[in-house]
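To start, the structure itself, in structure tokens.
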Amino acid sequence: MTIVDLSDISVEMFVTVMLFLLFIAPLVSLGILRLFQGKKKVGLSLIGGGVVVYLVFQLIMLLLN
């Protein structure tokens, strides 16, 4: 068994992964679930919310660099 060295991961990468796991992925997956349930308006708004969160994060990262 080997130990993985996590010291090479940048703060930006860590924040990106956490944002993806906490906000973007659940919004998109719930949106897809709602689409399968026939609730098109709610499903598309959840997917759109995930896209908006992603775009806002990209804008923030662009401004910080």
Side-chain angles (χ1 to χ4, degrees):
M1 179 155 82
T2 61
I3 297 175
V4 178
D5 183 21
L6 297 176
S7 63
D8 294 335
I9 296 176
S10 67
V11 174
E12 292 85 8
M13 176 63 88
F14 180 77
V15 170
T16 303
V17 171
M18 285 295 113
L19 182 71
F20 180 76
L21 291 174
L22 292 175
F23 294 107
I24 298 169
L27 283 174
V28 172
S29 63
L30 282 174
I32 292 170
L33 176 67
R34 296 295 186 240
L35 286 175
F36 278 118
Q37 291 176 346
K39 300 176 181 177
K40 291 182 184 178
K41 187 175 181 181
V42 175
L44 291 175
S45 66
L46 285 170
I47 292 172
V51 171
V52 167
V53 169
Y54 174 75
L55 292 175
V56 167
F57 178 72
Q58 289 298 321
L59 179 67
I60 291 170
M61 291 308 295
L62 181 66
L63 294 174
L64 290 178
N65 287 332

### Query
Closest approach of R34 and L46, non-hydrogen atoms and distance?
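Between these two residues, the closest heavy atoms are CG-CD1, 3.9 Å.
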### Task
Only one of V28, L22, I24 passes side-chain contact (heavy atoms from CB on, under 4.5 Å) with V53; say which it is.
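It is I24; the other options fail the test.
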### Query
Just how far is it from atom CG of L30 to atom CD of Q37, taken to the nearest 0.5 Å?
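Reported value, rounded in 0.5 Å steps: 9.5 Å.
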### Message
Distance check, rounded to the nearest 0.5 Å: I32 atom CD1 versus L27 atom CG?
### Response
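Atom-to-atom, I32:CD1 and L27:CG are 11.5 Å apart.
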### Task
Taking atom CZ of F57 as the centre, report whether more than 12 heavy atoms of other residues, nucleotides or ligands fall under 6.0 Å from it.
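Enclosed.
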